[in-house]
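Position 1 is the first residue of the sequence, and the numbers go up from there. In this text, all values refer to a predicted model and were calculated from it rather than measured experimentally. In listed order, ligands and their atoms are each counted from 1.
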Amino acid sequence: MAIPFPHFISSEKAAMEAGLLVPSSPSSSVSVILTQDDLKKIAAYKAVEYVESGMVLGLGTGSTAKHAVNRIGELLQQGKLTNIIGIPTSTITHEQALSLGIPLSDLDTHPVVDLAIDGADEVDPYLNLVKGRGGSLLREKMVEGACKKFVCIVDESKLVNYLGGSGLAMPVEVTRFCWKYTARTLQSLFDESGCVAKLRTFGCE
Ligand SMILES: O=C[C@H](O)[C@H](O)[C@H](O)COP(=O)(O)O
């Protein structure tokens, strides 16, 4: 089940927690322009508040999840979190987590994931998601499908009236075996709407 988080982006407190704003004296007025990446960072830091010591964590992939993984690493280094085990959803997140000293495992060893944190590409009004446009769809589905709780971090640019509403590519992960056949088959399902199946040749795995 997904629950939308209350809108907190205008909160000065959240910006301070993410290190984007320094406390000012009560008499001075605060004026700060936050970039989209700053907003992602604030949202990611908020998501990490759900993390508790001893948890097995699904570590997401993408420009938003990256901030959450950094924050988890930071809290571990500060000793504010202990005994965390991360299960990365891509090789790039694996590398990032390793560099931060986050102990890692996999679903074979830890089949139950307490909490997963990740971003999304689209969110409809019913909180259905498109994920995987960054190229790590299969691992995300496996890790996030195994979690007890999933915190999905999105900014307003991801909100759509219906899935596909962004008009951007709909990610479908296929096996290498006869991928051209699969591409043709997929495209034939949506020929009338003019969809074209294209092989993605870059991104996370
Ligand atoms: O495969 C990539 C993942 O599904 C990402 O979580 C998704 O693409 C969102 O990425 P970003 O936070 O960079 O917008």
Asks: Run Ile117 and Val51 through side chain to side chain contact (heavy atoms under 4.5 Å, CB included) and show every step you take.
Replies: CA-CA 9 Å; Ile117 300 178; Val51 177; 3.8 Å; yes
Asks: List, for ligand 1, each N/O atom that has a protein N/O partner under 3.5 Å away, with both atom names and the distance.
Replies:
residue  : atom   : partner : partner atom : Å
ligand 1 : 1 (O)  : Gly134  : N            : 3.1
ligand 1 : 1 (O)  : Gly135  : N            : 3.2
ligand 1 : 1 (O)  : Ser136  : N            : 3.1
ligand 1 : 1 (O)  : Ser136  : OG           : 3.1
ligand 1 : 1 (O)  : Glu140  : OE2          : 3.4
ligand 1 : 4 (O)  : Lys131  : NZ           : 3.0
ligand 1 : 4 (O)  : Gly132  : N            : 2.7
ligand 1 : 4 (O)  : Glu140  : OE1          : 2.9
ligand 1 : 4 (O)  : Glu140  : OE2          : 2.9
ligand 1 : 6 (O)  : Thr61   : O            : 2.8
ligand 1 : 6 (O)  : Asp118  : OD1          : 3.1
ligand 1 : 6 (O)  : Gly119  : O            : 3.3
ligand 1 : 6 (O)  : Lys131  : NZ           : 3.0
ligand 1 : 8 (O)  : Asp121  : OD1          : 2.6
ligand 1 : 8 (O)  : Asp121  : OD2          : 3.2
ligand 1 : 8 (O)  : Gly134  : N            : 3.4
ligand 1 : 12 (O) : Ser63   : OG           : 3.4
ligand 1 : 12 (O) : Thr64   : N            : 3.0
ligand 1 : 12 (O) : Thr64   : OG1          : 2.6
ligand 1 : 13 (O) : Ser63   : N            : 2.8
ligand 1 : 13 (O) : Ser63   : OG           : 2.5
ligand 1 : 14 (O) : Lys158  : NZ           : 2.7

Asks: Do Thr61 and Thr89 have side-chain atoms, one donor and one acceptor, less than 3.5 Å apart?
Replies: yes
Asks: So for atom CD, which belongs to Gln78, do other residues, nucleotides or ligands contribute more than 12 heavy atoms lying within a distance under 6.0 Å?
Replies: yes
Asks: Do the side-chain N and O atoms of Asp37 and Thr35 include a donor-acceptor pair separated by under 3.5 angstrom?
Replies: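 The criterion, which ignores hydrogens and geometry beyond distance, is not satisfied for Thr35 and Asp37.
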Asks: Testing Arg133, Lys158, Lys131 one by one against Glu122 for a salt bridge (Lys or Arg N to Asp or Glu O under 4.0 Å), which residue passes?
Replies: Arg133
Asks: Under a plain distance cut-off of 3.5 Å, with no hydrogens placed, do Asp191 and Ser188 share a side-chain donor-acceptor pair?
Replies: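 Asp191 and Ser188 do not have a side-chain donor-acceptor pair below 3.5 Å.
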